[in-house]
Amino acid sequence: MCNTLHFEKYRQNEKNYTIYLETLDELLTDTIEDLSVIAINLATNGVWKKWNNYIDDYTSFEFTDDMLNNTGDSIVSRVMKLKGDMEDLQKYIKT
C-alpha cells in the first residue's frame, strides 16, 4: 500500500498531529477490546473447550488478563502480548 501526502495541505493545519493522536487513541481502545474478545474466543474454543462445554448458557464469567496469559496456547499468548503492547502505546501517547 502506498500513501501519498501533499505537504502543502498537510502543513496548513498544525493541529493535525494532535488529531491523529486522538484518532490513534480511539482505534487502540477499540482494538484492545477486540483483542480481548478474540483471546477469550480462542481460549474457550481451544485449550478451555472442555470447560466451556460444561458452562451453562447465559452464565457470566470474568476472564482476567492473567488467566488469558497463562492458557498454554501460544496464539492466545501472542494475542495478549499484542494487546499489552497496544495498552502500553495508548498510555504513552496520553502522557
Side-chain angles (χ1 to χ4, degrees):
M1 179 170 88
C2 180
N3 293 313
T4 304
L5 181 65
H6 300 284
F7 285 97
E8 183 179 338
K9 290 181 181 179
Y10 179 78
R11 290 185 183 131
Q12 290 174 1
N13 185 352
E14 294 178 7
K15 295 181 182 178
N16 280 344
Y17 190 80
T18 302
I19 291 167
Y20 288 124
L21 283 178
E22 290 168 357
T23 301
L24 176 59
D25 182 45
E26 291 171 12
L27 289 170
L28 286 169
T29 297
D30 292 343
T31 304
I32 288 166
E33 184 176 324
D34 291 345
L35 288 172
S36 291
V37 171
I38 289 168
I40 290 167
N41 287 335
L42 286 169
T44 57
N45 286 282
V47 294
W48 293 342
K49 188 166 181 64
K50 281 186 180 180
W51 172 84
N52 188 43
N53 290 337
Y54 289 105
I55 299 298
D56 292 331
D57 288 345
Y58 307 106
T59 299
S60 294
F61 189 86
E62 185 174 332
F63 295 92
T64 66
D65 285 356
D66 189 48
M67 291 169 63
L68 292 166
N69 281 319
N70 293 295
T71 63
D73 183 311
S74 62
I75 300 295
V76 174
S77 296
R78 293 182 87 167
V79 169
M80 292 303 294
K81 166 88 169 74
L82 180 58
K83 177 183 175 266
D85 290 345
M86 290 187 167
E87 289 169 334
D88 290 345
L89 175 58
Q90 191 172 45
K91 288 176 191 169
Y92 181 76
I93 64 173
K94 289 182 177 182
T95 59

Validation: residues 72-81 side-chain donor-acceptor distances under 3.5 Å, sequence neighbours left out:
unit_1 : atom_1 : unit_2 : atom_2 : d
D73    : OD1    : I75    : N      : 2.8
D73    : OD1    : V76    : N      : 3.1
S77    : OG     : D73    : O      : 3.1
K81    : NZ     : D85    : OD1    : 3.0
K81    : NZ     : D85    : OD2    : 2.9

Tell me which donor-acceptor pairs under 3.5 Å the side chains of residues 52-63 have, and how far apart each pair is, sequence neighbours excluded?
unit_1 : atom_1 : unit_2 : atom_2 : d
N52    : ND2    : T44    : O      : 3.3
N53    : ND2    : K49    : O      : 3.4
T59    : OG1    : D56    : O      : 2.7

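Clustering ILVMFWY residues whenever any of their side-chain heavy atoms sit less than 4.5 angstrom apart, transitively, puts L24 in the very cluster that holds I32. Hydrophobic clustering, with ILVMFWY side chains joined whenever heavy atoms are under 4.5 angstrom apart, keeps Y20 apart from L27.
W48 is not listed as a side-chain neighbour of I40, based on a closest heavy-atom distance of 4.5 Å or more.
When all heavy atoms of D66 and N70 are compared, the pair lying nearest together is O-ND2, 2.7 Å.
Rounding to the nearest 0.5 angstrom, the gap separating the CD atom in E33 from the CG atom in L28 is 13.0 Å.
A salt bridge links K83 with E87: the distance from a Lys NZ or Arg NE/NH1/NH2 to an Asp or Glu carboxylate oxygen falls below 4.0 Å.
In this structure, E22 has no side chain to side chain donor-acceptor pair (under 3.5 Å) partners at least two apart in sequence or on a different chain.
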